[in-house]
Amino acid sequence: MVQVMRAVEISEPGGPDVLKMVERPRPRPDVGEVVLKVAYAGVNRPDALQRAGSYAPPKGASDLPGLEASGEVVAVGDGVEGLKPGDHVCALLPGGGYAEYVATPAAHCLPVPAGLNLQQAACLPETFFTVWSNVFGRGRLKAGERFLVHGGSSGIGTTAIQLAHARGARVFATAGSNDKCAACTTLGAERAINYRTQDFVAELKAEGGADVILDMVGGDYIPRNLKCLADDGRLVQIAFLAGPKVELNFVHVMTRRLTLTGSTLRPQSDLAKAEIAQDLLREVWPLLESGRIAPVMDQCFDLADVAAAHARMESSQHIGKIVLKI
């Protein structure tokens, strides 16, 4: 007899109302995988892009949305070491998090940090994998350097501010309201710039320029980012909320030795994600367990209220992470 589970399906491309509760067969673990009984699932911008029809899952991934979750291991596949049924973990997922059960590579699971609960742990994987690999991997941010993160009150932003501050960087952030700017400074930003009333280019140039910028806006922010980079600065692009196309004068890139880079997390290989997980366990989990950094929670919604969770995220009124209680 096939066991079934509750899940959220994208019935057709569109707005939050296209997210529908359905029943699906429970997944089984493949080689190297575990199955989690999901307690909480994180809600992220890529979920909304997938719902809208503009971000297809990679080949072989679940068509259900949801890129991170916390919960209990209930089954392990062949070749899995170090995890067993009953373990509580949080995990980066290839998809399928909006469901009662999900399968994911065991190497993408991390223990729930001591002192954190499952709800908090569900906020960790997507943002911490993204920030660590981009800011400290591609961006090579070092202690004492000036770091600018756009969208400082988002899940990515609140994570980036805390990690960069904890590792000794001077942190600057942009946000769209005074309340959001206040949240950024509370988390460790030296200065938070209200992009509706201030010019982040002028603010950063007055400080000597940013050594590293983490941007998810794109569009006309890209040439502005180049203007406020210091010589030898690095621009790391992780999304394009304002569009991916822009005209640039690459003379400035050459004469000031600038680096333009970026990545998306979901299409990367299982091995690459496993390596990021090991870096996080070694470098970041101690910071979480000591309380030096912590996930910032905005709001928790029941799975049946998933449309409201997506509407909340797309309103851009949230500060920190939105999660679903499964």
Side-chain angles (χ1 to χ4, degrees), residues 45-46 49 54-56 58 126-127 129-154 156-157 159-161 163-164 167-176 184 189-269 272-273 275-276 279 316:
R45 291 278 179 183
L49 294 174
S54 57
Y55 189 46
E126 176 72 11
T127 55
F129 273 71
T130 298
V131 169
W132 179 261
S133 60
N134 283 287
V135 175
F136 301 98
R138 294 184 178 278
R140 310 185 307 280
L141 182 66
K142 300 177 182 64
E145 290 190 316
R146 294 176 294 273
F147 171 61
L148 170 64
V149 56
H150 293 298
S153 61
S154 66
I156 291 289
T159 299
I161 289 169
L163 268 180
R167 293 176 67 86
R170 294 179 60 193
V171 183
F172 301 83
T174 63
C184 293
E190 179 178 323
R191 183 177 305 169
I193 302 156
N194 186 334
Y195 63 79
R196 300 184 191 279
T197 59
Q198 298 171 280
D199 179 7
F200 72 81
V201 176
E203 296 287 340
L204 265 296
K205 288 180 76 171
E207 295 290 340
D211 297 295
V212 178
I213 299 175
L214 182 66
D215 183 36
M216 64 284 292
V217 181
D220 67 355
Y221 267 44
I222 299 175
R224 296 174 69 194
N225 284 331
L226 296 187
K227 288 181 180 178
C228 68
L229 278 174
D231 289 354
D232 298 299
R234 289 87 75 193
L235 170 61
V236 187
Q237 200 73 41
I238 58 170
F240 296 102
L241 297 177
K245 296 181 180 180
V246 69
E247 184 174 308
L248 291 176
N249 183 346
F250 268 77
V251 168
H252 300 294
V253 175
M254 296 165 61
T255 58
R256 298 202 290 121
R257 304 172 302 283
L258 306 180
T259 298
L260 281 66
T261 185
S263 71
T264 55
L265 182 61
R266 195 177 190 185
Q268 293 186 47
S269 70
K273 295 173 188 176
E275 290 174 346
I276 298 169
D279 286 346
S316 294

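FYI, side chains are in, hydrogens and waters are out, and symmetry mates aren't considered; it's all heavy atoms of this structure. Small disclaimer: the values here were computed from a predicted structure and weren't measured.
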Flag side-chain contact, heavy atom, 4.5 Å: Leu204 against Ile193:
yes
State, yes or no, whether a side-chain contact exists between Asp199 and Arg224 at a heavy-atom distance under 4.5 Å.
yes
Separation of Gln237 CD from Asp215 CG (nearest 0.5 Å)
4.0 Å
Which atom names give the shortest non-hydrogen contact between Ala160 and Val149, and what distance separates them?
CB-CG2, 4.1 Å
Do Ile213 and His150 come close enough that some side-chain heavy atom pair is under 4.5 Å?
yes
Checking Ile156, Thr130, Leu141 against Leu214 for side chain to side chain contact (heavy atoms under 4.5 Å, CB included), the one that qualifies is Ile156
Within this structure, what is the OG1-CZ distance for the pair Thr264 and Phe240, rounded to the nearest 0.5 Å?
9.5 Å
Does a side-chain heavy-atom distance below 4.5 Å link Glu126 with Pro46?
yes
Residue pair Cys184 / Ala192: nearest heavy atoms and the distance that separates them:
CB-CB, 3.9 Å
Straight-line distance of Thr259 OG1 to Leu235 CG, nearest 0.5 Å
9.5 Å
List in chain and number order the residues that pass salt bridge (charged side-chain N to carboxylate O under 4.0 Å, His left out) with Arg170, two or more places apart in sequence or in another chain; answer none if no residue qualifies.
Glu190, Glu207
Hey, is the main chain of Leu241 close enough, under 3.5 Å, to the side chain of Arg45 for a donor-acceptor pair?
no
Tell me, yes or no, whether the heavy-atom count around Lys227 atom NZ, taken from other residues, nucleotides or ligands under 6.0 Å, exceeds 12.
no
For residues Thr261 and Arg234, determine if any side-chain heavy atom of one lies less than 4.5 Å from a side-chain heavy atom of the other.
no
Looking only at heavy atoms, the pair that brings Gly208 and Ala230 closest together is O-CB, 3.5 Å
Any heavy-atom pair between the side chains of Ser263 and Gln268 that's under 4.5 Å?
yes
Would you name the heavy atoms of Met216 and Ser154 that are closest together and state the gap between them?
CE-OG, 4.5 Å
Heavy-atom nearest pair, Ala242 first then Gly218, reads CB-O, 4.1 Å
How long is the span from the CD1 atom in Ile238 to the CZ atom in Arg138, to the nearest 0.5 Å?
12.0 Å
With sequence neighbours excluded, what pairs up with Leu248 under the side chain to side chain contact (heavy atoms under 4.5 Å, CB included) test?
Ile222, Pro223, Leu226, Val246, Phe250, Leu260
Tightest non-hydrogen contact, residues Ala164 and Val171, listed as CB-CG2, 3.7 Å
Taking the six-membered ring where the residue is Trp, are the ring centres of Phe200 and Tyr221 under 6.0 Å apart?
yes
Do Phe136 and Leu163 have side chains that get closer than 4.5 Å, going by heavy atoms?
yes
Phe147 ring centre to Arg167 NZ or CZ under 6.0 Å, with the angle to the axis within 45°?
no
Here the gap from Ser133 atom OG to Glu275 atom CD, rounded to the nearest 0.5 Å, amounts to 11.5 Å
Atom pair CD1/CG of Ile161 and Leu148 - distance to nearest 0.5 Å
10.0 Å
Quick one: do Val212 and Arg140 satisfy side-chain contact (heavy atoms from CB on, under 4.5 Å)? Show the steps, please.
CA-CA 8 Å; Val212 178; Arg140 310 185 307 280; over 6 Å; no
